[in-house]
Enquirer: 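Questions regarding the structure given below will be posed in turn.
Atoms considered below: every heavy atom in the structure, side chains included; atoms not considered: hydrogens, waters and symmetry mates. Just so it is clear, the model here is predicted, and its values are computed rather than measured.
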Amino acid sequence: GWDFSLDADSLEGLLTPSAMADMTSWDAYEPNDSPEEAELVGIPFSAEGLSLGGGDEDWFAIEVDPAQEGTVLLLQAWTTGMTDTYLELYSPEDSSWPVAENDDYDGGNARIEMPLTIPGTWFLKVRAYDSSAEGEYGLEITAEPALLGPGEPDEGTDGATSLSVGRPPIDKQIDYTGDSDWFRVVLSRPLGTEEVLRIETLGELDTMLTLLDEYEGFITSDDDSGFESNAMLMV
C-alpha cells in the first residue's frame, strides 16, 4: 500500500537485464540450484541448451527404485558443449559430500561412471569449473544394469575385500572409469626384523597401489615396481 515514484532514468536502471538473464542461464529446468530444488529426470535423459550463470549450480535427481535392489545400475553421465563444466554425484545417504566427481574427461566436458548400489534419490550437480563463468551445455544420463566383478561394491574401507597373507591370488577387475578396489590386510602377528609385507598386482592392466593405515592415513604408494606395468609394495 506504499506510494512512490520513479523518474525515467531510475526505471531504466531497474529494467536493465543482469548478465545472467542476458545470456542463457534460465532454462526449462530452473530453478534447480539445490538438492531440494533438483529436477527429477527420467533415464535415459538427454538435453541441450542448458545454461549456467555466474555461480550457478544445476541439480538433477535420479530415482533408484527399491524394487531394483540386488540389480546394480551403472550410471554414465556426461556433459557436451563449449562450457568448461564440473560434475559431482551424491548418494541418497549424503547430499553434502560427493561420492564421485570429474572435471575434464573430454576437453572441458566432464563425465562420471558410477554404480548406483543403493536405492533412493541420487543427485547429479553440474557447475562451471570457474565459478564466475557462464554458458550453455548439454547433459546426457544413462543407467543400465551391469555385471560387476567379484567383491563389488568395494569402493571404501567398509566394503574392502579381505586379503590373507600367503594365500593364492584373487581375481578382481576394474569395472568402470574411476573405479577403485579396496582390500583389507590383517596381520595375525607383528613382522619380524627381517620380514616384509609384499602386496602386488598381476595381469596386463597398468595398476597403482596405495597403502593406508587403519585410520586411512597414507603410508606409501607404488606404480610400476612389479612385473611390466604392475604395482608392488614391500613394507
Enquirer: Is there a side-chain contact between D58 and Y29, using heavy atoms and a 4.5 Å cut-off?
Expert: no

Enquirer: Is there a path of hydrophobic side-chain contacts, each under 4.5 Å between heavy atoms, that joins I141 and M114?
Expert: yes

Enquirer: Does the side chain of V126 reach to within under 4.5 Å of the side chain of L50, using non-hydrogen atoms?
Expert: no

Enquirer: Could you tell me which non-hydrogen atom of A160 sits nearest to which non-hydrogen atom of R184, and how far apart they are?
Expert: O-NH1, 3.4 Å

Enquirer: Give a yes or no on this: more than 12 heavy atoms of other residues, nucleotides or ligands lie within 6.0 Å of atom CE of M82.
Expert: no

Enquirer: Can you name the salt bridge (Lys or Arg N to Asp or Glu O under 4.0 Å) partners of E200, sequence neighbours left out?
Expert: R198

Enquirer: How many angstroms lie between OG in S221 and CG in L212, if you round to the nearest 0.5 Å?
Expert: 9.5 Å

Enquirer: Indicate the atoms forming the closest heavy-atom contact of I112 with E101, along with that distance.
Expert: CD1-CA, 3.9 Å

Enquirer: Out of curiosity, T142 OG1 to Q76 CD, how far, rounded to the nearest 0.5 Å?
Expert: 4.5 Å

Enquirer: Without swapping roles, check the side chain of Q173 against the backbone of D175 for a donor-acceptor pair under 3.5 Å.
Expert: no

Enquirer: Which heavy atom of S91 sits nearest to which heavy atom of V99, and what is that distance?
Expert: CB-CG1, 4.0 Å

Enquirer: With W78, which residues qualify under ring-ring contact (aromatic ring centres under 6.0 Å, His included), at least two apart?
Expert: none

Enquirer: Going only through I, L, V, M, F, W and Y residues with side-chain contacts under 4.5 Å, is there a path from L116 to V41?
Expert: yes

Enquirer: Please confirm whether the backbone N or O of G81 pairs with a side-chain atom of N109, one donor and one acceptor, at under 3.5 Å?
Expert: yes

Enquirer: With rounding to the nearest 0.5 angstrom, report the CD to CG distance, E39 to N32.
Expert: 7.0 Å

Enquirer: May I have the step-by-step check of side chain to side chain contact (heavy atoms under 4.5 Å, CB included) for D103 and Y129, ending in yes or no?
Expert: CA-CA 7 Å; D103 176 17; Y129 178 75; 3.5 Å; yes

Enquirer: Around E37, counting heavy atoms of other residues, nucleotides and ligands shown, do more than 12 lie under 6.0 Å from its CD?
Expert: yes

Enquirer: Answer yes or no: does atom CG of D171 have more than 12 heavy-atom neighbours from other residues, nucleotides or ligands under 6.0 Å?
Expert: no

Enquirer: Any chain of hydrophobic side-chain contacts (each under 4.5 Å) joining L191 to V165?
Expert: yes

Enquirer: Taking a hydrophobic cluster as the set of Ile, Leu, Val, Met, Phe, Trp and Tyr residues connected by side-chain heavy atoms closer than 4.5 Å, whether directly or through intermediates, do L89 and I43 fall within one such cluster?
Expert: yes

Enquirer: Flag yes if V185 and W182 sit in one hydrophobic cluster, no otherwise; membership is Ile, Leu, Val, Met, Phe, Trp, Tyr, and two members link when side-chain heavy atoms are under 4.5 Å apart.
Expert: no

Enquirer: Side chains of D130 and D84, heavy atoms from C-beta outward: is any pair under 4.5 Å?
Expert: no

Enquirer: Looking at P119 and P92, what are the two nearest heavy atoms and their distance?
Expert: O-CG, 3.7 Å

Enquirer: How long is the span from the CZ atom in F218 to the CG atom in L211, to the nearest 0.5 Å?
Expert: 8.5 Å

Enquirer: Side chains of V64 and I118, heavy atoms from C-beta outward: is any pair under 4.5 Å?
Expert: no

Enquirer: Inspect the contact between E195 and R189 and indicate whether a charged nitrogen and a carboxylate oxygen are less than 4.0 angstrom apart.
Expert: yes

Enquirer: Determine whether T121 and I62 satisfy the following criterion, side chain to side chain contact (heavy atoms under 4.5 Å, CB included), listing intermediate values before the conclusion.
Expert: CA-CA 6 Å; T121 304; I62 303 161; over 6 Å; no

Enquirer: Can you check whether T85's main-chain N or O pairs, donor with acceptor, with T83's side chain at less than 3.5 Å?
Expert: no

Enquirer: For D27 and S51, indicate whether the former's side chain and the latter's backbone hold a donor-acceptor pair under 3.5 Å.
Expert: yes

Enquirer: May I ask you to test the D206-D224 pair for a side-chain heavy-atom distance under 4.5 Å?
Expert: yes

Enquirer: Is the shortest side-chain heavy-atom distance between L124 and L139 below 4.5 Å?
Expert: yes

Enquirer: Under the ring-ring contact (aromatic ring centres under 6.0 Å, His included) rule, collect the residues that match up with Y90, sequence neighbours excluded.
Expert: W59

Enquirer: Determine all donor-acceptor pairs shorter than 3.5 Å in which one atom belongs to a side chain in residues 225-234; sequence neighbours excluded.
Expert:
unit_1, atom_1, unit_2, atom_2, d
S225, OG, D222, OD1, 2.5
S225, OG, D222, OD2, 3.4
N230, OD1, T201, OG1, 2.8
N230, OD1, L202, N, 3.3
N230, ND2, G203, O, 2.8
N230, ND2, F227, O, 3.0

Enquirer: Does N102 use its side chain to pair, donor to acceptor, with the backbone of L87 at less than 3.5 Å?
Expert: no

Enquirer: Do W122 and L73 touch side chain to side chain, with heavy atoms closer than 4.5 Å?
Expert: no

Enquirer: Listed by chain and number, what are the salt bridge (Lys or Arg N to Asp or Glu O under 4.0 Å) partners of K125, not counting sequence neighbours?
Expert: E57, E88

Enquirer: Check whether any side-chain heavy atom of T207 lies under 4.5 Å from a side-chain heavy atom of L209, and answer yes or no.
Expert: no

Enquirer: K172 and D181: which non-hydrogen atoms are nearest, and at how many Å?
Expert: CE-OD2, 3.7 Å

Enquirer: Let me confirm one number: the CG-CZ distance from L163 to F183, rounded to the nearest 0.5 Å.
Expert: 6.0 Å

Enquirer: Got a sec, which pairs hit side chain to side chain donor-acceptor pair (under 3.5 Å) with one end in residues 209-220, sequence neighbours left out?
Expert: T157-E216

